Visitor: 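Structure below; questions to follow.
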Amino acid sequence: MNVYDSEQIVTSLKPLGYKITSSLEKAGLIIVNTCAIREKAEQKVFSFLGRLSRLKIKKPDLILGVGGCVAQQEGSKMLQRVPFLDLVFGTHAICRLPGHIKRIETKKCRIVDTEMIDGIDESAFVIDTEDHRKVSSFVTIMQGCDNFCTYCVVPYVRGREASREPEKIVNEIRELVNCGVKEVTLLGQNVNSYGRKEGLCSFAELLSLVNGIEGLVRIRFTTSHPKDLSDDLIYAFYMLEKLCHHIHLPVQSGSNSVLKRMNRKYTRELYLEKINKLRNICPDIAVTSDFIVGFPGETEDDFKQTLDLIKTVEFDGLFAFKYSDRPNAPASGFSHKISEREKKDRLMELLDLQERFTKKRNESLVGSTELTLVEGKSKKQSGKDAQIEPRHIQWTGRTSTNKIINFSRSDDCIACDDIFTGRMVNIKVEKALSHSLMGRPIEVEPIFDELVKGQIHQVSGAKC
Ligand code: 5AD
Ligand code: SF4
């Protein structure tokens with residue numbers, strides 16, 4: 001979500017003449033987009049702002065702004081704490097950013113804008129129609145959250161849940177496809193409750209509409225709340241050929257007593273039932289999750305149940321975090337806090353356990369052929385192209401199951417282009433590394449129309 005917001009910030013400032021630079025020293029304007037989800041993320045903001053103060057001393061005309069969740073949370077307190085800041089703007093203020101920057105440029109004033117609105121302000125969604133390099137794009141379908149998990153700051157910094165109208169979403173995706181986008185990731189704090197409040201269509205129906213967009217090849221979404229994962233949505237993995245076979249389904253804990261105190265509104269048993277349904281409908285689906293360790297009052301036995309859940313599900317991957325108190329979140333007032341030492345030990349134990357399953361699931365793909373959307377040259381190699389022969393260039397893409405796969409042009413390749421970016425390529429998986437796969441391209445889709453019409457598996461591509 002923050003990546004998406006940062007893109008919106010960049011796009012909205014283009015008409016003012018601003019362009020991205022990779023050098024902090026060259027910048028005339030620096031916007032720090034912030035995250036407040038955990039204490040560590042917030043601490044990083046203040047240490048980074050400390051570094052920026054040295055730049056401002058050297059270059060007094062430099063404009064410095066802070067946006068996002070920390071800005072929303074701290075508001076004008078940030079101006080006091082960071083004396084050289086020109087602008088603090090919250091999560092609902094991106095659409096007003098160009099106006100604020102113009103005022104600061106001319107009037108040399110300091111501005112705080114943390115106003116929040118109910119509902120959706122469509123002017124907040126701008127797309128850069130001049131950018132034709134993107135293969136994959138985020139699309140916000142809803143904002144805010146009404147779930148109030150007791151550890152979470154999101155409802156307080158992103159406001160109440162509100163969904164965009166399906167027509168607006170579909171139109172935005174059509175425009176993106178016209179700019180060359182092949183894959184969209186639909187974004188919301190809990191996409192499973194899309195449209196419910198406003199009486200719009202369900203999320204499964206929205207997916208079906210998006211699936212019908214000509215020229216679009218793949219659909220992903222994030223994030224899902226297990227309590228709202230409907231049978232219709234599970235069935236969509238079978239019905240919709242463009243829907244990628246991956247679901248991120250944060251469970252947070254394997255213990256019912258912890259889940260209850262987290263206000264998650266589902267049990268371990270219900271979670272496992274949903275995973276079974278997903279795997280019955282879509283046997284190769286990749287499942288990833290989020291976990292919090294050391295929630296207040298989490299006992300050794302609670303933690304064992306979390307480890308047991310991980311062994312039962314065998315996730316493709318997971319993110320795990322040490323619990324941290326967040327302002328306004330009820331759990332910050334809960335007793336029986338777990339020590340940092342204990343949280344660290346539990347985190348290591350959990351990650352060690354999962355490492356086995358991540359590896360196992362990656363290894364199970366060796367020998368298979370994975371239809372991959374190529375995102376571009378692998379990061380390691382961009383910038384060094386001049387010295388690299390085309391056949392040695394390493395490309396990177398993602399499988400439908402969201403695994404990163406790297407490959408080079410095969411030695412005897414006669415038909416495939418040197419340019420793979422944005423194309424669907426069948427890749428034979430040859431090696432599994434801990435967090436990615438390596439493979440060999442065997443087929444490039446030459447007839448894109450057929451792909452787009454959903455005949456992905458029947459297209460006879462050019463052989464390499
Ligand atoms: N402490 C630790 N982790 C947290 N998360 C959210 N709030 C907290 C917190 N207070 C984690 C959850 C969530 C992910 C985005 O961040 O696992 O799914
Ligand atoms: Fe936070 Fe819970 Fe909302 Fe997710 S569903 S954003 S964890 S309150």
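What you see is a predicted model; the values in this text were computed from it and never measured. Order of appearance sets the numbers: ligands from 1, and atoms from 1 within every ligand.
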Visitor: Quick one: look up the protein heavy atom nearest atom 18 (O) of ligand 1 and list residue, atom name and how far away it is.
Guide: Asp290 OD2, 2.7 Å

Visitor: Judged by modelled atom types alone, do Ser123 and Asp121 share a side-chain donor-acceptor pair under 3.5 Å?
Guide: yes

Visitor: Would you say Ser324 has any N or O atom under 3.5 Å from an N or O of ligand 1, going by distance alone?
Guide: yes

Visitor: Can you name the atoms of ligand 2, numbered from 1 with element, that are less than 4.0 Å from a heavy atom of His225?
Guide: 5 (S)

Visitor: Would you kindly specify which portion of Ile37 sits under 4.0 Å from ligand 1, judged on non-hydrogen atoms: side chain, backbone, both or neither?
Guide: both

Visitor: Among all protein heavy atoms, pick out the one at the shortest distance from atom 7 (N) of ligand 1; state its residue, atom name and that distance to 0.1 Å.
Guide: Tyr151 CD1, 3.3 Å

Visitor: Report the part of Pro250 in contact with ligand 2, treating N, CA, C, O as backbone and CB onward as side chain, heavy atoms under 4.0 Å; options are side chain, backbone, both, neither.
Guide: neither

Visitor: At under 4.0 Å between heavy atoms, is it the side chain or the backbone of Arg264 that contacts ligand 2, or both, or neither?
Guide: side chain

Visitor: Around atom 2 (Fe) of ligand 2, find the nearest protein heavy atom and jot down its residue, atom name and distance.
Guide: Cys149 SG, 2.3 Å

Visitor: Test Lys343 against Glu340 for salt bridge (charged side-chain N to carboxylate O under 4.0 Å, His left out), laying out the working first.
Guide: CA-CA 5 Å; Lys343 284 194 269 190; Glu340 274 307 308; 3.0 Å; yes

Visitor: Are there more than 12 heavy atoms of other residues, nucleotides or ligands under 6.0 Å from atom NZ of Lys337?
Guide: yes

Visitor: Show the numbers, then the answer: is there a side-chain hydrogen bond (donor to acceptor under 3.5 Å, both in side chains) between Glu167 and Asn171?
Guide: CA-CA 6 Å; Glu167 297 74 27; Asn171 285 343; over 6 Å; no

Visitor: Taking only heavy atoms of Arg326, which atoms of ligand 1 are found under 4.0 Å from at least one of them?
Guide: 10 (N)

Visitor: If you take the centroid of each ring, where Trp contributes its six-membered ring, are Tyr156 and Phe148 closer together than 6.0 Å?
Guide: yes

Visitor: Taking it one step at a time, do Arg341 and Asp345 satisfy salt bridge (charged side-chain N to carboxylate O under 4.0 Å, His left out)?
Guide: CA-CA 6 Å; Arg341 170 90 246 162; Asp345 288 351; 3.1 Å; yes

Visitor: Could you identify the single nearest non-hydrogen protein atom to atom 7 (S) of ligand 2 and state the distance to 0.1 Å?
Guide: Tyr151 OH, 3.3 Å

Visitor: Answer with side chain, backbone, both or neither: which part of Val154 has a heavy atom less than 4.0 angstrom from an atom of ligand 2?
Guide: side chain

Visitor: Just need the protein heavy atom nearest to atom 2 (C) of ligand 1, so name the residue and atom and give the distance.
Guide: Lys322 O, 3.3 Å

Visitor: With a cutoff of 4.0 Å, is Glu39 in contact with ligand 1, counting heavy atoms of the residue only?
Guide: no

Visitor: With the threshold set at 4.0 Å, does a side-chain nitrogen-carboxylate oxygen contact exist between Asp146 and Lys197?
Guide: yes

Visitor: Run the numbers for me: atoms of ligand 1, each under 4.0 Å from some heavy atom of Arg38, listed by number.
Guide: 1 (N), 2 (C), 3 (N), 4 (C), 5 (N), 11 (C), 14 (C), 16 (O)

Visitor: May I ask you to list the atoms of ligand 1 that are less than 4.0 angstrom from any heavy atom of Gln252?
Guide: 12 (C), 13 (C), 17 (O), 18 (O)

Visitor: Give the numbers and elements of all ligand 2 atoms closer than 4.0 Å to a heavy atom of Phe148.
Guide: 8 (S)

Visitor: Indicate, with yes or no, if the rings of Phe315 and Phe291 have centres closer together than 6.0 Å.
Guide: yes

Visitor: Relative to the heavy atoms of Phe321, which atoms of ligand 1 are at a distance of less than 4.0 Å?
Guide: 3 (N), 11 (C), 14 (C), 16 (O), 17 (O)

Visitor: Under a 4.0 angstrom heavy-atom cut-off, which atoms of ligand 2 come close to Pro155?
Guide: 8 (S)

Visitor: Tell me: protein heavy atom nearest atom 1 (Fe) of ligand 2, and distance?
Guide: Cys152 SG, 2.3 Å

Visitor: For atom 3 (Fe) of ligand 2, what's the nearest protein heavy atom and its distance?
Guide: Cys145 SG, 2.3 Å

Visitor: Side chains of Ile30 and Ile63: does their closest heavy-atom pair fall under 4.5 Å?
Guide: no

Visitor: Judged on heavy-atom distance to atom 4 (C) of ligand 1, which of Ile292, Val293, Val153 sits nearest?
Guide: Ile292

Visitor: So do Asp302 and Thr299 actually touch side chain to side chain, heavy atoms under 4.5 Å?
Guide: yes

Visitor: Run through Lys242, Lys134, Arg220, Arg398 and flag the one making a side chain to side chain donor-acceptor pair (under 3.5 Å) with Glu183.
Guide: Arg220

Visitor: Hey, does Leu243 have a side-chain heavy atom less than 4.5 Å from the side chain of Phe221?
Guide: yes

Visitor: Would His225 and Ser193 count as a side-chain hydrogen bond (donor to acceptor under 3.5 Å, both in side chains) if you check the C-alpha gap in whole Å, the side-chain angles of each, and the deciding distance to 0.1 Å?
Guide: CA-CA 8 Å; His225 194 308; Ser193 61; over 6 Å; no

Visitor: Could you tell me which atoms of ligand 1, counted from 1 in the order shown, lie closer than 4.0 angstrom to a heavy atom of Tyr323?
Guide: 1 (N), 2 (C)

